[in-house]
Amino acid sequence: MRISSMTVHPLAVADPPLRSSYGRHAPYALRTLVVLKTTDGIAGYAEAHGGDGPLAAFEALKPLVVGMDPFQLSSLWRMWGRPDQSGDRSQTWMVPGENPRDARTRSYAAIEAACLDIIGKAIRKPVCDVVGGRAREAAPFSAYLFYKHGGGGGLGGDVREDEYGECLTPESMVRQARQMIARYGFKEIKLKGGVLDPEAEIETVRLLRAEFGPSYPLRIDPNCAWSVETSVKVGVALKEELSGGGYLEDPTAGLDGMAAVRQRLLAAGVDTPLASNVAVTGFDDLVPARELDAVQVVLSDPHYWGGIRATQRMGDVCELLGMGVSMHSNNHLGLSMMIMAHACLATPQMEFACDTHYPWQTEQDEIIAGGRVQFVGGAIPVPAKPGLGVEIDFDQVARLEERYHKLPYRKRDDEAEMRKHVDPNWKRLLPRW
Ligand code: GKR
Ligand code: MG
């Protein structure tokens, strides 16, 4: 069996005005659908980051993919997938998905996912079993809460309903959490911070704890918006609330900053784990992060760590180093949802419920045939169908692709959205507090 064709579809997906230290989400998030077909008539699919950068990377990779045997993934990894390990790999000033050092790793990851989909369909097994077997029967995800402006995303005649409404206070965040948990059944909570004054974010976490109790582990992630001083203050204030399976994610920038926060928290009697997807973005960061004791939980992401198999290797290395494993997310559709679910299902060390932006997208933009991926008690069970477990609705793909071509932007720019809608002089300041 050989790959006979590779097609790439850019997609624009409506997205509400979510806030983070990066700024404000634009009315559409960008994604890419990759379709591989084989000489045996099997199609394999993957979803990847969007925009002109990823499209160009896929075009460059095409000559290696068309004609390859989809089972020979290791040689493609060696030719193309390995990340550039030179210099600083941190994502302090970049949104995940734009780090030039893993540009090739990201395009490799999508080809690997599509090949695993093909292999699974060929041998009639789910991807998690193709890569060594399931570590669990369902992949748990967390309720990923965002401060946000009113509106459900989209533009002009395509403006969307807003299920959650404006949410820029501690009280409205509790309402958002209640709604999301009632709908999806999540059992862990992640709060995107770095938006309001730290005192208001502390209050938000306290209200969430009061509402849901200690059986719902809590994490907060301000994407480096705080100084070491502020991070320690927040860590001390939330000692109780972030205990019992929670963590403090990327409070401040850089491994040295994270290590300083850790030391000072330990000295204050707070051993809340620090987690990261900003200071630690690849394999070469793991040993320094461990040596400095800067990060105790590493957020994987099959999209930029190099695929589902790289997530498993990362889980093994973290276990060896005594570090925990969780999963990062950016906006995505149901196909990425399944890639993330299989990565979690097949990685025994994934002990924390994974992040997902999926609740922020709607049925109206889903490209999965038959509609959205369904959560059962906040988790995605091993699918009954082989491969990734889903097929694609190409009428929907055509709609989202047409929308992409009409958009005036080709890259995520949350700072520009802030300047347009909130403050004409807004700049991303790190630390802001
Ligand atoms: O969607 O605004 C966002 C998030 O801030 C996202 O870009 C981050 O990459 O979810 C992410 C994180 O955990 O850092
Ligand atoms: Mg994060």
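Note that the numbering runs from 1 along the sequence shown for the chain. Ligands are counted one by one from 1 in listed order, and the atoms in each one are counted from 1 as well.
At a threshold of 4.0 Å, the pair E98-R412 does not count as salt-bridged, since none of the basic side-chain nitrogens sits closer than that to a carboxylate oxygen.
Under the 30°/60° scheme for interplanar angles, the aromatic rings of Y184 and F186 are found to lie parallel. Relative ring orientation between F141 and F375 is described as perpendicular, the plane-to-plane angle rising above 60° on a 0-90° scale split at 30° and 60°.
Applying the 4.0 Å criterion to heavy atoms of H25 picks out, from ligand 1, the atoms 1 (O), 2 (O), 3 (C). Atoms of ligand 1 found under 4.0 Å from any heavy atom of S20 (numbered from 1 in listed order, with element): 2 (O), 5 (O). When each atom of ligand 1 is checked for a heavy atom of P96 under 4.0 Å away, the hits are 9 (O). Each of the atoms 5 (O), 12 (C), 14 (O) of ligand 1 lies under 4.0 Å from some heavy atom of N223. Annotation for ligand 1: atoms under 4.0 Å from non-hydrogen atoms of R412 are 1 (O), 2 (O), 3 (C), 7 (O). For ligand 1, the atoms lying closer than 4.0 Å to a non-hydrogen atom of Y22 are 5 (O), 7 (O). Of all atoms in ligand 1, numbered sequentially from 1 with element shown, those under 4.0 Å from a heavy atom of Y144 are 4 (C), 10 (O), 11 (C), 12 (C), 13 (O). Each of the following atoms of ligand 1 lies closer than 4.0 Å to a heavy atom of F146: 1 (O), 2 (O), 3 (C).
Contacts between L299 and ligand 1, counted as non-hydrogen atom pairs separated by less than 4.0 Å, are absent for every part of the residue. If you look at R19 next to ligand 1, there are no close heavy atoms at all, none under 4.0 Å. When heavy-atom distances to ligand 1 are checked against a 4.0 Å cut-off, N330 comes that close only through its side chain, counted from C-beta outward.
Heavy-atom separations between L18 and ligand 1 are all 4.0 Å or longer. Within the structure, ligand 1 lacks R24 among the residues with a heavy atom less than 4.0 angstrom away. Taking 4.0 Å as the cut-off, Q91 does not count as a neighbour of ligand 1 on heavy-atom distance. In this structure, V95 falls outside the shell of residues with a heavy atom less than 4.0 angstrom from ligand 1.
Ligand 1 has no N or O atom lying under 3.5 Å from any N or O atom of D414, backbone or side chain. At a 3.5 angstrom cut-off on N or O pairs, S329 counts as close to ligand 1. Between N331 and ligand 1, no N or O atom pair is found at a separation short of 3.5 Å.
Side-chain contact of Q396 with R399: a donor-acceptor pair under 3.5 Å is present, judged by distance alone. With 3.5 Å as the limit, one finds a donor-acceptor pair spanning the side chains of E366 and Y358. Looking only at atom types and distance, the side chain of R31 has no donor-acceptor partner in the side chain of H332 under 3.5 Å away.
With hydrogens left out, the protein atom closest to atom 9 (O) of ligand 1 is H328 NE2, 2.7 Å, a heavy atom. For atom 1 (O) of ligand 1, the closest non-hydrogen atom of the protein is H357 NE2, 2.7 Å.
Atom CD of E229 has 12 or fewer heavy atoms from other residues, nucleotides or ligands within 6.0 Å.
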As a quick check of understanding, evaluate salt bridge (Lys or Arg N to Asp or Glu O under 4.0 Å) for K411 and D413, giving each step before the final call. CA-CA 6 Å; K411 189 177 172 315; D413 188 350; over 6 Å; no
So E171 and R175, salt bridge (Lys or Arg N to Asp or Glu O under 4.0 Å) or not? Walk me through it. CA-CA 7 Å; E171 293 74 20; R175 187 192 68 218; over 6 Å; no
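Checked against the 6.0 Å centroid threshold, Y404 and H9 do not count as a close aromatic pair. Taking the ring centroids of Y144 and W360, they lie at or beyond the 6.0 Å cut-off.
Taking the N/O/S atoms of E249 in turn, the shortest distance to the Mg ion (ligand 2) belongs to OE2. Of all N, O or S atoms in D221, the one lying closest to the Mg ion (ligand 2) is OD2.
Residues I181 and A143 share a closest heavy-atom pair of CG1-CB, 4.0 Å. For Y409 against A26, the heavy-atom pair with the smallest separation is OH-CB, 3.5 Å.
Because its NZ or CZ atom is not both nearer than 6.0 Å to the ring centre of F352 and within 45° of the ring axis, R219 does not count as a cation-pi partner of that residue.
Among the backbone and side-chain atoms of N277, an N/O/S atom is found under 2.8 Å from the Mg ion (ligand 2).
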